[in-house]
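Take a look at the structure below.
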Amino acid sequence: QVQLVESGGGSVQAGASLRLSCVVSGGTFSDFAMGWFCQAPGKVRELVATVSWSGSYAYYADSVKGRFTISRDNDKNTVSLQMNSLKPEDTGIYYCAAAETVAAMRRKEVDYWGQGTQVTVSS
C-alpha cells in the first residue's frame with residue numbers, strides 16, 4: 001500500500017516562506033509523477049505544481065509561478081514544495097499526490113493522496 005505523508009505546514013505572515021515535504025512509502029517512488037494540490041476553504045482542490053518522475057519537467061499553476069518550486073529526491077522518496085513570497089490567497093490545505101504521469105496529474109487523475117497539511121497566510 002502506497003502511503004504519502006506530508007509535513008511542513010504552518011501559519012505565517014504574508015511575504016514569508018514555507019517548505020512542504022512529502023515522504024512516500026510502500027511503492028516505487030520513481031514510477032510516479034508527484035504533485036501538490038491546494039484546497040482553499042469552500043473551494044475545489046486545485047493543482048499547484050507537479051514534477052515528472054525524473055524531475056526533469058515541472059508544471060506550475062499561473063498563480064504560483066516564480067514563487068513556488070517543486071523538487072524531488074528519488075533516493076529519499078521525497079517531494080518538496082518551496083513556497084516563497086506567500087500571499088493570503090495561498091491559504092489552504094496542501095495535499096501531496098502521486099499519479100502515473102504529469103498529464104494525468106493535470107487531469108486530476110491521482111492514484112494516491114496524502115492526508116494534507118494546513119498552510120495559513122495572514123496579511
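Quick note: numbers below take in every heavy atom, side chains included, and nothing from hydrogens, waters or symmetry partners. When a residue number appears, it is its place in the shown sequence, counting from 1. Computed from a predicted structure; not experimentally measured.
Between the side chain of R72 and the main chain of S52, a donor-acceptor pair closer than 3.5 Å is present. In this structure, the side chain of E6 does not engage the main chain of C22 through any donor-acceptor pair within 3.5 Å. Using modelled atom types, no side-chain atom of K108 and backbone atom of L47 make a donor-acceptor pair closer than 3.5 Å. Formation of a donor-acceptor pair under 3.5 Å by the T91 side chain with backbone atoms of T120 is not found in this model. For the pair T101 (side chain) and A104 (backbone), a donor-acceptor distance under 3.5 Å is present. The main-chain N or O of Y59 is never found under 3.5 Å from a side-chain atom of R106 such that the two would form a donor-acceptor pair.
There is a path of hydrophobic side-chain contacts, each under 4.5 Å, that joins F32 to F29. M83 and Y95 are members of different hydrophobic clusters when ILVMFWY side chains are connected at heavy-atom separations under 4.5 Å.
Under the side-chain contact (heavy atoms from CB on, under 4.5 Å) test applied with T117, the options L20, V5, L18 reduce to a single match, L20. When each of F37, Y94, Y60 is tested with V48 by the rule side-chain contact (heavy atoms from CB on, under 4.5 Å), just one qualifies, namely Y94.
M105 and V110 get closest at one heavy-atom pair: SD-CG2, 4.0 Å. In plain terms, the two heavy atoms of A33 and V102 that are nearest each other are CB-N, 3.5 Å.
Side-chain contact check for D73 and T78: no donor-acceptor pair (N or O, by modelled atom type) lies under 3.5 Å. If you check the side chains of S80 and Q82, you find no donor sitting under 3.5 Å from an acceptor. Between the side chains of S56 and S54, at least one donor N or O sits under 3.5 Å from an acceptor N or O.
A heavy-atom distance below 4.5 Å is not found between the side chains of V23 and V79.
With respect to D62 and K65, a salt bridge is recorded, a charged nitrogen being found less than 4.0 Å from a carboxylate O.
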